[in-house]
Amino acid sequence: MKTISAPKNEVELMQRALSIAGYTLAEIANSIDVSVPCNLQRHKGWVGTLIERYLGADAGSKAQQDFAHLGIELKTLPVNRVGYPLETTFVSIAPLVANHGITWQTSHVRYKLSKVLWIPIEGERSIPLAVRRVGMPILWQPNAEQEQQLKNDWQELMDMIVLGKIEHITARHGEYLQIRPKAANGQALTEAYNESGELIMTRPRGFYLKKQFTAQILSDFLAEVHRVHR
DNA sequence: TGTTGATCATGC
DNA sequence: GCATGATCAACA
């Protein structure tokens, strides 16, 4: 596997991202000596890791943006044939304890979503992984309305957690941001509080962006492209 | 058949 | 277990 150095600035990062638009995952993988699995069943994060490596993101399990020196987070987004998201987007782990004093302003969700480089990629399972194509990169920052939408959902969900209602939260809570399990398996447990304020063990949860939200980002981008071309 | 809840791999 | 990267697949 070839190691690519980190992009020095935003322009360089965007040039690299643009350079793979239209190419297949196999072409990109081959160019940096990475092998392509038959499918994603046992390699769910493979596409994200591949693009990370190609663009020169510092790998690792640090709780930071992928390009921290540029203040940019990288997210690949599987889309269907008409460019609609096929999956929700994981954002960050939900803090179930020691969360007093955390505000929207200081939250991991706001930090991770403050600036995102979205890379749409064909994701239909009928298309062999190797020949799925990468789309145009979208450098995005939430507008005032989007930030308010996210903040509202985050506050509602965090309020429930702080009130000990974690076991009552389902994926149906939140319009654009939801909380769902995020763990290696059903045996994984972490601390939380119940409604009586007692410490309990529960499944770790994560914040996810619903498809409707990421679809809006893609559609806003297309609208902007069309506006500029008129 | 779309969503919700569950799960897969890896490093430390 | 947690944080990284996400998608799978059971079931309503």
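These figures come from a predicted structure and were not determined experimentally. Every chain is numbered from 1, with letters handed out A, B, ... down the list of sequences.
Here B:dG2 presents its P atom at 10 Å from CG of A:Asn80, a figure rounded to the nearest Å. Remark: P of C:dT4 and CD of A:Gln64 are 10 Å apart, rounded to the nearest angstrom. Across the protein-nucleic acid pair, A:Leu129 atom CG and B:dC8 atom C1' stand 15 Å apart, rounded to whole Å. The CG atom of A:Leu86 sits 10 Å away from the C1' atom of C:dT7 (whole-angstrom rounding).
Salt bridge status for A:Glu147 with A:Arg110: present, with a side-chain N to carboxylate O gap under 4.0 Å. Look at A:Glu87 and A:Lys44 and you find no salt bridge, because none of the NZ, NE, NH1 or NH2 atoms lies under 4.0 Å from a carboxylate O.
Side-chain N/O atoms of A:Lys112 include one lying less than 4.0 angstrom from OP1 or OP2 on C:dT4. At the phosphate of B:dG5, neither OP1 nor OP2 sits under 4.0 Å from any side-chain N or O atom of A:Arg180. For B:dT3, neither phosphate oxygen OP1 nor OP2 lies less than 4.0 angstrom from any side-chain nitrogen or oxygen of A:Arg172. A close approach under 4.0 Å does occur between a side-chain nitrogen or oxygen of A:Lys211 and OP1 or OP2 of B:dT3. Taking only side-chain nitrogens and oxygens, A:Thr89 never comes nearer than 4.0 Å to OP1 or OP2 of C:dA6.
Backbone-only contact: A:Leu189 has heavy atoms under 4.0 Å from sugar-phosphate atoms and none from a base. Counting non-hydrogen atoms under 4.0 angstrom, A:Ser92 reaches nothing in the nucleic acid. No contact: A:Gln212 has no heavy atom under 4.0 Å from any strand. Across all strands shown, A:Arg205 has no heavy atoms under 4.0 Å from either base or sugar-phosphate atoms. Counting any heavy atom pair closer than 4.0 Å across all strands shown, A:Gly48 reaches sugar-phosphate atoms only and no base atom.
Ranking B:dA9, C:dA9, C:dG5 by closeness to the A:Asp66 side chain, first place goes to C:dG5. Nearest nucleotide to the side chain of A:Arg203, out of B:dG5, C:dG1, C:dT7: B:dG5. In the set C:dA3, C:dG5, B:dA6, C:dG5 carries the atom at the smallest distance from any side-chain atom of A:Thr49. Taking the side chain of A:Lys75 as heavy atoms from C-beta on, and the options B:dT7, C:dG5, C:dA3, the nearest nucleotide is C:dG5. Nearest to the side-chain atoms of A:Gln178 among the listed nucleotides B:dT4, C:dC2, C:dG5 stands B:dT4. In this structure, the nucleotide among C:dT4, C:dT7, C:dC2 sitting nearest to the side chain of A:Tyr208 is C:dT7. Taking the side chain of A:Ala63 as heavy atoms from C-beta on, and the options B:dA6, C:dT4, C:dG5, the nearest nucleotide is C:dT4.
Under 3.5 Å, the side chains of A:Asp153 and A:Gln149 contain no donor-acceptor pair of N or O atoms. In this structure, a donor-acceptor pair under 3.5 Å is absent between the side chains of A:Asn152 and A:Glu156.
Annotation: of the two residues near DNA chain C, A:Thr88 and A:Ile93, the 5′-most nearest-nucleotide partner is A:Ile93. If you find the closest nucleotide of DNA chain B to A:Ala171 and to A:Gln41, the one lying nearer the 5' end belongs to A:Ala171.
Using a 4.5 Å heavy-atom cutoff, the side chains of A:Leu129 and A:Val47 are in contact. By the 4.5 Å heavy-atom criterion applied to side chains, A:Ile72 and A:Gln65 are not counted as neighbours.
Judged by distance alone, with hydrogens and angles left aside, A:Lys182 brings a side-chain donor or acceptor within reach of the base of C:dT4, the pair sitting under 3.5 Å. Between the base of C:dC8 and the side chain of A:Glu87 there is a donor-acceptor pair shorter than 3.5 Å.
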